[in-house]
Engineer: 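Sending over a structure as structure tokens; questions will come in a sec.
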Amino acid sequence: MTRLRDIAQRAGVSVMTVSKALRDGPDVSAATKTRIKLLAQQMSYVPDSSARGLRTRTTRLFGLVISSMTNPIYSRVVLAIEERACALGYDVLLTHTLNVPERERSLPPAAALAARRWSLYFPGLSHGL
């Protein structure tokens with residue numbers, strides 16, 4: 001896994017310069033931005049969403065709680081949600097309650113907390129939740 005430090009070392013610049021270049025910071029020259037972005041691409045750099053979440057105090061995480069993936073309707077819904085979330089730059093945290101009523105009652109707050117913003121909950125219809 002390539003880190004900002006790896007790119008900085010190869011480019012001969014500081015980690016801060018790499019970070020600013022990848023975020024299109026105004027105080028980094030166009031030539032340096034281009035060079036660093038090319039290096040990042042060549043080194044297969046993928047931004048760490050957890051690190052970004054710590055810095056910004058937000059996440060691009062969508063919590064999704066379903067009773068069971070074996071329900072064909074849920075599998076279609078999950079696929080559609082994941083496709084749209086990806087298009088919007090979100091990751092999806094998916095959990096199953098396994099049709100266990102206690103899990104169905106306890107997981108939605110945990111998923112909402114993990115996502116900090118967005119979550120969907122599809123309870124098991126047989127439990128009357």
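Along the sequence shown, the residues carry numbers beginning at 1. Note that this is a predicted model, so its numbers are computed, not measured.
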Engineer: List in chain and number order the residues that pass side chain to side chain contact (heavy atoms under 4.5 Å, CB included) with L94, two or more places apart in sequence or in another chain; answer none if no residue qualifies.
Structural biologist: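 In terms of side chain to side chain contact (heavy atoms under 4.5 Å, CB included), with neighbours along the sequence ignored, L94 is linked to L64, I66, M69, V78, H96.
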Engineer: Give every residue pair that meets the salt bridge (charged side-chain N to carboxylate O under 4.0 Å, His left out) criterion with at least one member in residues 9-22, sequence neighbours excluded.
Structural biologist: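 Found K20-D27.
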Engineer: Partners of K33 by side chain to side chain donor-acceptor pair (under 3.5 Å), sequence neighbours excluded?
Structural biologist: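 In terms of side chain to side chain donor-acceptor pair (under 3.5 Å), with neighbours along the sequence ignored, K33 is linked to no residue.
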Engineer: Taking only residues two or more places apart in sequence or in another chain, which ones pass side chain to side chain donor-acceptor pair (under 3.5 Å) with T2?
Structural biologist: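 Result, side chain to side chain donor-acceptor pair (under 3.5 Å) vs T2: none returned.
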Engineer: Output all residues satisfying side chain to side chain contact (heavy atoms under 4.5 Å, CB included) with I73, sequence neighbours left out; order by chain, then residue number.
Structural biologist: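 Checked I73 against side chain to side chain contact (heavy atoms under 4.5 Å, CB included); matches are N71, V77.
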Engineer: My understanding is that only residues two or more places apart in sequence, or in another chain, count here; which of them pass side chain to side chain donor-acceptor pair (under 3.5 Å) with R35?
Structural biologist: none
Engineer: By the rule that ILVMFWY residues connect when side-chain heavy atoms come within less than 4.5 angstrom, directly or transitively, which residues belong alongside V13?
Structural biologist: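 Reading the cluster by chain and number, V13 sits alongside L4, I7, V15, V18, L22, I36, L39, M43, Y45.
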Engineer: Test of understanding: with side chain to side chain contact (heavy atoms under 4.5 Å, CB included), list the residues that count as partners of T70, not counting sequence neighbours.
Structural biologist: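 Expected list: S68.
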Engineer: Could you list the residues that satisfy side chain to side chain contact (heavy atoms under 4.5 Å, CB included) with E83, not counting sequence neighbours?
Structural biologist: L79
Engineer: Can you run down the salt bridge (charged side-chain N to carboxylate O under 4.0 Å, His left out) pairs that involve residues 67-77, sequence neighbours left out, and say none if there aren't any?
Structural biologist: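 Passing the test, one end in residues 67-77: no pairs.
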Engineer: Is atom CD of Q9 surrounded by more than 12 heavy atoms (other residues, nucleotides or ligands) closer than 6.0 Å?
Structural biologist: no
Engineer: For R3, what residues pass the salt bridge (charged side-chain N to carboxylate O under 4.0 Å, His left out) criterion, not counting sequence neighbours?
Structural biologist: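 R3 satisfies salt bridge (charged side-chain N to carboxylate O under 4.0 Å, His left out) with D6 only.
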Engineer: If the condition is side chain to side chain donor-acceptor pair (under 3.5 Å), which residues does S14 pass it with, not counting sequence neighbours?
Structural biologist: T17
Engineer: Kindly check if the number of other-residue, nucleotide or ligand heavy atoms within 6.0 Å of CZ (R23) is above 12?
Structural biologist: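 Yes, the 6.0 Å shell around CZ holds more than 12 heavy atoms from other groups.
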